[in-house]
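All chains are named by letter (A, B, ...) in the order of the sequence lines, taking the proteins before the strands, and each is independently numbered beginning at 1. Hydrogens, waters and symmetry mates play no part in the numbers below; they use all other heavy atoms, side chains included.
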Amino acid sequence: MRIAFMGTPEFAVPSLAALLEAGHAVVGAFCQPDRPQGRGNRLTACPVKKLALERGVPVFQFEKLRAPEGVAALRALEAELVVTAAFGQILSQELLDIPPRGTVNVHASLLPAYRGPAPINWCIIEGETVTGITTMRTDKGVDTGDMLLQERVGILPGETAGELSARLAPIGAALLIRTLRELEAGNCPRIPQDHAAATRHPMLRKELGRIDWAQPARRIVNLVRGVDPWPGAFTTLGAEVYKIWRAEAEEAAVSAAPGTLLQADAKAGMRIATGGGALRVLELQAPGAKRMATTDYLRGHPMAVGARFGEDA
RNA sequence: CGCGGGGUGGAGCAGUCUGGCAGCUCGUUGGGCUCAUAACCCAAAGGUCGAGGGUUCAAAUCCCUCCCCCGCAA
């Protein structure tokens with residue numbers, strides 16, 4: 001099929017690769033414009049753009065695809081079908097009307113649950129143990145279109161959003177290919193979503209990573225996993241910002257105020273009081289330093305038991 | 001030219017300002033001790049101090065150039 005692909009981050013890469021692999025004519029790859037990124041603010045190409053260039057697929061980057069130039073560009077490609085995967089822009093009805101065989105989206109959740117731009121992160125933050133991939137017909141709402149195929153995937157204990165995303169991406173790619181095959185054969189199911197059962201979660205913000213020590217340790221662990229690798233869970237100690245990358249919940253009863261440093265020993269490790277149990281910090285990152293095992297950190301940076309995290313700001 | 005922190009035995013760090021013996025907490029190895037240990041005691045190995053150049057009687061430390069890592073902002 002003549003397909004226009006739209007996607008931006010790493011998650012979308014296997015889907016684009018699979019389309020090419022399956023012999024589809026990918027006539028264009030749309031992704032977000034290059035953004036200044038990292039130290040030095042250098043313009044950086046997104047993963048989809050890199051792959052597209054590598055495979056000789058024409059790349060299109062519009063600040064707003066729904067603006068006239070974007071619409072014209074898509075129209076000019078004369079694609080039969082549009083495939084989107086974590087594109088990062090909402091398609092207008094005008095855009096949706098262009099491809100004669102419609103638009104198919106690869107979404108990383110079991111719709112209608114976890115609609116929105118960051119389903120993988122939110123599943124983990126909310127403590128889910130099962131998620132999945134849904135392929136769907138894109139309509140004018142955000143992740144509201146009719147569902148095509150769905151595949152359940154278990155979330156591993158301790159798995160981070162980054163790890164889960166890397167695991168889901170190829171599963172999504174495979175499901176996409178199967179969906180297209182069944183669409184072409186005319187035997188693909190098409191199931192309207194139960195909108196009453198839908199949940200929607202917002203885009204990630206930096207501030208989401210701030211640890212609320214009044215929460216139970218178990219929820220803080222889920223936050224730590226769910227915002228890894230971005231924005232990362234963090235807390236403050238005085239003016240310093242510490243990131244916490246790996247932690248376990250300890251159910252023991254704790255009487256100290258939430259955020260209190262209960263233990264900081266280079267051998268026994270670090271424990272912090274929470275609103276429910278203690279948080280055992282296994283891996284952290286101090287300002288200016290790289291992430292490291294808590295015990296390693298404590299060897300060179302003794303900390304006073306009784307200090308309160310998250311007290312300022 | 002966005003702002004800032006950092007690179008020192010295997011790990012985490014101090015020492016750099018004010019040049020003068022390569023140091024701390026661990027780990028590793030060997031030995032001892034103990035019913036036992038995230039325990040304790042004794043000993044040992046392990047370093048181009050990120051790279052190159054310069055200044056100096058003398059450079060981890062001061063000057064110049066470069067490389068690499070990290071945080072913030074976006």
Minimal heavy-atom distance between Gly226(A) and Asn121(A), with the atoms involved, is O-OD1, 2.8 Å
If we ignore angles and hydrogens, is there a donor and acceptor under 3.5 Å between the side chains of Gln150(A) and Thr134(A)?
-> yes
Considering only atom C1', compute the distance from rU29(B) to rG10(B) and round it to an integer number of Å.
-> 13 Å
Provide the distance between the two P atoms, one in rG15(B) and one in rG9(B), to the nearest whole Å.
-> 16 Å
Separation of the C1' atoms in rG71(B) and rG53(B), to the nearest angstrom = 31 Å
Just how far, in rounded Å, is P of rC1(B) from CG of Leu43(A)?
-> 15 Å
Could you work out the separation of rC13(B) and rG5(B) based on their C1' atoms and round it to a whole Å?
-> 15 Å
If a protein heavy atom is under 4.0 Å from the base, mark B; if only from the sugar-phosphate, S; if neither, -; do that for nucleotides 65-74 of chain B going 5' to 3'.
-> ----SBBBBB
Taking 4.0 angstrom as the limit, do Glu251(A) and Arg218(A) come out as a salt bridge?
-> yes
Polar contact flag, side-chain donor to acceptor under 3.5 angstrom, Gln285(A)-Lys290(A) = no
Length of the CE-P vector between Met292(A) and rG10(B), whole Å = 17 Å
Using the P atoms only, state how far rG50(B) lies from rG6(B), rounded to an integer number of Å.
-> 13 Å
Going by atom types only, do Thr103(A) and Thr138(A) share a side-chain donor-acceptor pair under 3.5 Å?
-> no
When you compare rC67(B) with rA14(B), how far apart are their C1' atoms, in angstrom units rounded to a whole number?
-> 25 Å
With a 3.5 Å cut-off and no angle check, do the side chains of Arg225(A) and Asn222(A) form a donor-acceptor pair?
-> yes
Just how far, in rounded Å, is C1' of rA38(B) from CG of Asp296(A)?
-> 15 Å
Would you please confirm or rule out a distance under 4.0 Å between OP1 or OP2 of rC13(B) and any side-chain N or O of His301(A)?
-> yes
According to the Watson-Crick and G-U wobble definitions, with both distances under 3.5 Å, which nucleotide is paired to rA11(B)?
-> rU25(B)
Who does rA51(B) pair with, Watson-Crick or G-U, both distances under 3.5 Å?
-> rU65(B)
Rounded to the nearest 0.5 angstrom, the CD-CD1 distance for Glu128(A) and Ile120(A) is 13.5 Å
To the nearest Å, how far apart are Tyr297(A) OH and rA14(B) P?
-> 10 Å
What integer number of Å spans the C1' atoms of rC1(B) and rA59(B)?
-> 32 Å
Could you give the CZ-to-C1' distance, from Arg299(A) to rC24(B), as a whole number of Å?
-> 12 Å
Gap between atoms CZ and P, on Arg280(A) and rA38(B) respectively (whole Å) = 13 Å
Pairing partner of rC17(B), by Watson-Crick or G-U wobble and under 3.5 Å for both distances, is none
For rA73(B) versus rC21(B), give the span between their P atoms, rounded off to a whole number of Å.
-> 42 Å
In the structure shown, which nucleotide is the Watson-Crick or G-U wobble counterpart of rG71(B), with both distances under 3.5 Å?
-> rC3(B)
Indicate yes or no: at least one non-hydrogen side-chain atom of Thr131(A) is less than 4.5 angstrom from one of Leu168(A).
-> yes
Which base sits across from rU37(B) as a Watson-Crick or G-U pair, both distances under 3.5 Å?
-> none
What's the NZ-C1' distance between Lys267(A) and rU37(B), to the nearest Å?
-> 10 Å
Whole-Å distance, Met303(A) CE to rC13(B) C1', equals 15 Å
